[in-house]
Amino acid sequence: MSKGRKNYIPALRFDCLSPLFDPFLQLTMPENTFKRRLVEQANVKRNNYVLDLGCGTGTLTILIKKTYPEAKVFGLDADEKILKNAETKIKKTGLNITLDKGMAFELPYLDNSFDFVLSSLVFHHLTHDNKVLALKEVYRVLRPGGELHIADFGKPSNTLMYLISLIMRNFEEAKDNYQGLLPCMTKGAGFNQVQITAQYSTLFGTLSLYKGCK
Ligand SMILES: C[S@@+](CC[C@H](N)C(=O)[O-])C[C@H]1O[C@@H](n2cnc3c(N)ncnc32)[C@H](O)[C@@H]1O
């Protein structure tokens with residue numbers, strides 16, 4: 001795989017499958033449970049700026065805004081088409097959310113812009129080098145004391161999850177995830193108090209929630 005992949009892997013790998021992303025995730029993952037947990041562990045305060053990195057169809061973005069109505073919520077994704085889906089979903093809710101097109105490893109925001117960055121199921125779409133760059137970018141756009149909260153695949157938590165990881169590590173850019181490298185890479189970008197806050201056994205292996213502070 002190329003080191004500095006300049007494009008992106010769409011939500012279900014192929015553009016034509018993107019419209020199926022929401023039902024697919026609902027059917028195959030404990031989506032409501034882990035996204036709710038991710039949002040609640042962030043403990044966002046009034047007027048905080050929150051970025052949903054790789055927002056896809058906007059499910060997590062909407063949940064953030066519904067949970068913390070007084071926060072300024074942004075969703076960013078590399079895929080213009082999926083952002084259109086997110087826009088349609090957000091319009092139906094009447095919520096005030098800003099959507100931006102951009103790459104996780106070249107964020108179109110100024111230094112110290114956000115209090116929280118949340119990200120769900122995005123890092124396994126990034127090459128190793130782009131994971132490193134994206135974590136540095138998140139660190140740059142967070143204010144001092146700001147927090148990063150990630151939900152993504154991680155080190156297998158039991159034998160069954162390990163067996164599943166042997167297959168899943170060959171898909172997309174997930175190898176680093178299943179090797180348990182994300183916490184170490186997060187520390188390497190400058191974050192402190194990096195910890196795994198929850199783990200879920202899923203059809204695709206262990207899903208871990210991580211937290212790190214700037
Ligand atoms: C599996 S989907 C997850 C979507 C959403 N976060 C969720 O949990 O429902 C991964 C998303 O990451 C986006 N993505 C992949 N590579 C990206 C990159 N380099 N920069 C920004 N977004 C990216 C894809 O377009 C896709 O929408």
Side-chain angles (χ1 to χ4, degrees), residues 1-39 42 50-66 73-90 97-109 114 116-138 140-141 148-154 168 171-174 176-177 182 185 198 200 202-205 207-210:
M1 185 55 61
S2 67
K3 279 180 136 193
R5 184 195 265 270
K6 274 286 176 195
N7 49 17
Y8 61 88
I9 301 175
L12 286 179
R13 188 156 197 112
F14 302 104
D15 268 341
C16 60
L17 296 179
S18 290
L20 299 176
F21 181 72
D22 278 358
F24 176 81
L25 207 62
Q26 272 289 321
L27 282 172
T28 59
M29 300 277 286
E31 186 186 14
N32 298 340
T33 308
F34 83 78
K35 285 188 175 164
R36 195 162 292 283
R37 170 76 196 255
L38 191 72
V39 169
V50 186
L51 172 64
D52 178 6
L53 181 75
C55 63
T57 60
T59 310
L60 179 70
T61 336
I62 291 170
L63 186 59
I64 297 168
K65 185 67 182 173
K66 280 189 173 164
V73 179
F74 293 70
L76 171 133
D77 203 284
D79 182 347
E80 209 165 321
K81 294 171 283 302
I82 212 155
L83 280 174
K84 288 257 178 287
N85 295 353
E87 199 182 343
T88 306
K89 263 168 77 174
I90 290 167
I97 291 170
T98 305
L99 292 177
D100 292 314
K101 181 175 179 285
M103 290 292 189
F105 45 83
E106 281 169 3
L107 292 177
Y109 305 112
F114 291 95
F116 290 88
V117 175
L118 275 64
S119 183
S120 156
L121 299 174
V122 177
F123 276 81
H124 73 277
H125 283 236
L126 306 177
T127 63
H128 179 88
D129 288 7
N130 285 343
K131 283 185 185 77
V132 172
L133 289 175
L135 287 165
K136 283 189 184 154
E137 275 293 86
V138 171
R140 179 184 68 75
V141 302
L148 166 64
H149 294 264
I150 297 178
D152 212 324
F153 299 109
M168 294 308 301
F171 287 92
E172 295 168 347
E173 298 289 345
D176 298 321
N177 289 60
L182 270 192
M185 293 169 83
Y200 303 88
T202 80
L203 289 176
F204 309 113
L207 181 88
S208 296
L209 268 50
Y210 309 92

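Numbering of ligands and ligand atoms starts at 1, following listing order.
- In this structure, the side chains of L99 and C55 come closer than 4.5 Å at one or more pairs of heavy atoms.
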Give every pair made of an N or O atom of ligand 1 and a protein N or O atom lying under 3.5 Å apart, one pair per line with both atom names and the distance to 0.1 Å, or write 'none'.
unit_1: ligand 1; atom_1: 6 (N); unit_2: G54; atom_2: O; d: 2.7
unit_1: ligand 1; atom_1: 6 (N); unit_2: S120; atom_2: O; d: 2.8
unit_1: ligand 1; atom_1: 8 (O); unit_2: K35; atom_2: NZ; d: 3.1
unit_1: ligand 1; atom_1: 8 (O); unit_2: S120; atom_2: O; d: 3.2
unit_1: ligand 1; atom_1: 8 (O); unit_2: S120; atom_2: OG; d: 2.6
unit_1: ligand 1; atom_1: 9 (O); unit_2: K35; atom_2: NZ; d: 2.8
unit_1: ligand 1; atom_1: 20 (N); unit_2: A104; atom_2: N; d: 2.8
unit_1: ligand 1; atom_1: 22 (N); unit_2: A78; atom_2: N; d: 3.3
unit_1: ligand 1; atom_1: 25 (O); unit_2: D77; atom_2: OD1; d: 2.6
unit_1: ligand 1; atom_1: 27 (O); unit_2: D77; atom_2: OD1; d: 3.4
unit_1: ligand 1; atom_1: 27 (O); unit_2: D77; atom_2: OD2; d: 2.7

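- Atom CG of L107 is separated from atom CZ of F74 by 12.5 Å, given to the nearest 0.5 angstrom.
- Under the side-chain contact (heavy atoms from CB on, under 4.5 Å) test applied with F153, the options D176, L182, T202 reduce to a single match, T202.
- Atoms CE and CG, on M185 and L135 in that order, are 6.5 Å from each other to the nearest 0.5 Å.
- By the 6.0 Å contact criterion, NZ on K84 is open, its count of non-hydrogen atoms from other residues, nucleotides or ligands being 12 or less.
- Checked against salt bridge (charged side-chain N to carboxylate O under 4.0 Å, His left out), K136 has no partners two or more places apart in sequence or in another chain.
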